[in-house]
Structures are given as C-alpha cells and as structure tokens.
Amino acid sequence: MAVEVRIPTILRQYTGGAKTVEGTGDTLAALIDDLESRHPGLRDRLVENGSLRRFVNVYVNDEDVRFLGAEKTQLSDGDSVTVLPAVAGGSHSR
Amino acid sequence: MAGPAHRNLDQLPYPSTVLTIRRHLVDAIVEHARKDHPDEACGVIAGPAGSDRPERFVPMLNAARSPTFYEFDSMDLLHLYREMDDNDEEPVVIYHSHTATEAYPSRTDIGLANEPGAHYVLVSTRDEDTHEFRSFRIVDGEVTEEEVQVIDGE
C-alpha cells in the first residue's frame with residue numbers, strides 16, 4: 001500500500017533533499033510512523049503528543065486532514081499526501 | 001533529483017543581504033496593508049525558483065482576520081504552493097503588516113517562519129501618514145535585517 005508524500009522545503013533536510021517520498025500506512029498516523037523509520041526526525045516536526053501540530057497543514061488528495069479525521073485519517077493505496085507548514089505570524093506575542 | 005526545487009536545505013542560497021524589488025510591488029504591498037488596516041494583511045511575491053527575483057504579486061486572505069495575527073487559509077495555501085510548483089516558482093517575498101507596532105518580526109513571526117529562503121517583509125501601518133517597509137531573513141530562529149533596494153519601473 002503505497003502513498004506518495006510531498007515534503008516542503010523546510011523538511012527536506014530529513015529526506016536527503018527529496019521533494020517526494022513514498023510511505024505506507026492505513027492511517028495518517030501509521031504513515032508518519034513508517035516515514036519516521038526511514039527519515040528520522042520527521043515525525044517530531046509533524047506531530048506533538050500524538051496530535052498533528054497546529055501550524056503544520058497536511059492534505060490527503062487536496063483535502064485538509066483537519067476535516068477528515070486528523071491523524072486518524074484513513075489512507076488508501078495511491079493516495080497523495082501533501083505537507084505544508086502554515087504561513088502565519090503576527091504582532092502578538094505568545 | 002536535480003534542479004532548484006530539490007535542493008538540500010544546507011545548499012539553499014542565502015545569496016545576498018539585500019532585497020531588490022520593483023517599486024510597483026512595494027506600492028502594492030503597502031496598498032494591501034493600508035486596505036486591510038487595522039487587521040494584518042499578508043501575501044507573497046513569487047519569483048522564478050533560484051532567481052531571488054520577486055515578480056508575481058499574490059495578496060492572500062488573512063484567515064485569522066485579526067489585528068495581531070495572520071495566517072493563510074489552508075486551502076489557499078495549498079493552491080498557492082501548487083501554482084508555484086507548476087510555474088517553477090518560489091515564495092521570494094513573504095509579507096505581512098503590523099498595524100500597531102513596528103515593522104520588526106515578533107516572537108510569533110520568528111517561531112512560525114518556515115521559509116529560510118524567503119525575504120520576510122514587514123510593513124507597519126501604525127502611522128497614518130508614513131509607513132515602515134523593512135525586510136528580514138529568518139533562519140533557525142535568527143533574524144537578520146537586510147537592505148531594501150527599490151528599483152523604478154515595471
């Protein structure tokens with residue numbers, strides 16, 4: 001069960017510069033675990049305490065996974081996953 | 001895996017400490033910031049990958065519609081990056097406004113900066129008559145202000 005994952009520039013340090021990588025998994029969480037086994041460090045940039053990080057956007061076939069079930073989103077063979085860090089900021093301090 | 005879109009992070013060019021930008025693009029950013037004031041305005045100027053040349057003005061909706069925060073809408077973000085990919089472009093400039101404070105990256109701006117190759121432009125609209133327009137590199141939490149060179153003409 002292969003899924004293609006598009007990796008943003010800032011995270012290509014974990015994929016040897018590759019812009020797309022392949023992975024497997026029935027859910028997004030399983031896919032991220034699979035990617036971590038070959039691209040150590042990647043998971044921590046996507047997930048915090050078992051949940052997707054607030055300022056990382058993940059899309060499955062062009063749908064934001066926040067509306068699909070977040071890290072529990074089901075994946076099928078041939079799905080396409082895109083990771084994009086949020087473009088965000090602002091004058092308030094957190 | 002050759003070509004500018006596939007560079008390793010450590011091979012990214014941080015070519016100059018100068019942002020060279022045409023005047024009409026500066027005007028477009030300032031106009032957008034004024035129009036959305038007191039909310040923060042945000043957007044991108046895309047340019048050919050590897051060129052460091054800002055060319056295509058892409059104002060974005062601030063999904064947060066806030067005077068102290070901005071965030072690109074998640075679907076708009078996906079479409080923008082698809083489009084840049086298809087055109088072999090990069091976000092050469094990522095801009096936003098501060099509407100009550102100076103044009104300097106806040107802790108939030110620094111913490112959320114994820115494009116080490118981009119020029120982060122900040123405009124302050126806190127003063128009605130004048131504006132500040134400044135540019136920064138934000139890499140690994142380090143802020144470096146750079147000179148802004150405005151070129152006349154289209």
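Chain naming here is simple, since letters A, B, ... match the order of the sequence lines and numbering starts at 1 in each.
- At a heavy-atom separation below 4.5 angstrom, chain B is approached by A:D62, A:D64 within residues 61-72 of chain A.
- Between B:H131 and B:F133, the ring planes are perpendicular. Angles over 60° get that label, and only those under 30° would be called parallel.
- Proximity to chain B among residues 36-54 of chain A is limited to A:R45, A:R54, judged by heavy-atom separations below 4.5 angstrom.
- Not counting sequence neighbours, the partners of B:R56 by the salt bridge (Lys or Arg N to Asp or Glu O under 4.0 Å) test are B:E83, B:E89.
- Residue B:Y81 touches chain A through its side chain alone, counting heavy-atom pairs closer than 4.5 Å.
- Contact annotation for B:L78: both backbone and side-chain heavy atoms come within less than 4.5 Å of a heavy atom of chain A.
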* Go through the steps for B:R126 and B:H98 under the test side-chain hydrogen bond (donor to acceptor under 3.5 Å, both in side chains), then give the verdict. => CA-CA 7 Å; B:R126 65 177 162 180; B:H98 284 177; over 6 Å; no

* Asked: Step by step, would you call B:H96 with B:Y120 a ring pair (Phe, Tyr, Trp, His ring centres under 6.0 Å)?
  -> CA-CA 8 Å; B:H96 76 282; B:Y120 282 89; 8.1 Å; no

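- Checked against salt bridge (Lys or Arg N to Asp or Glu O under 4.0 Å), B:E102 has the following partners two or more places apart in sequence or in another chain: B:R134.
- Centroid-to-centroid, the aromatic rings of B:H32 and B:Y95 come within less than 6.0 Å.
- Using the six-membered ring where Trp is involved, A:F55 and B:F69 have ring planes that are tilted, between 30° and 60° apart.
- In terms of heavy atoms, B:E55 sits closest to B:L25 at O-CD2, 4.0 Å.
- One hydrophobic cluster, built from ILVMFWY side chains closer than 4.5 Å, holds both B:V143 and B:I94.
- Between A:P8 and A:V83 the shortest heavy-atom distance is CD-O, 3.3 Å.
- Contact of B:S74 with chain A is made through backbone and side chain together, with heavy-atom distances under 4.5 Å.
- Only the backbone of B:P67 comes within contact range of chain A, with heavy atoms under 4.5 Å apart.
- Of all heavy-atom pairs between A:S91 and B:T101, the closest is CB-OG1, 3.5 Å.
- In terms of heavy-atom pairs under 4.5 Å with chain B, the best-connected choice from A:T82, A:I7, A:V87, A:N57 is A:V87.
- For CD of B:E142, the number of neighbouring non-hydrogen atoms (other residues, nucleotides, ligands) closer than 6.0 Å is 12 at most.
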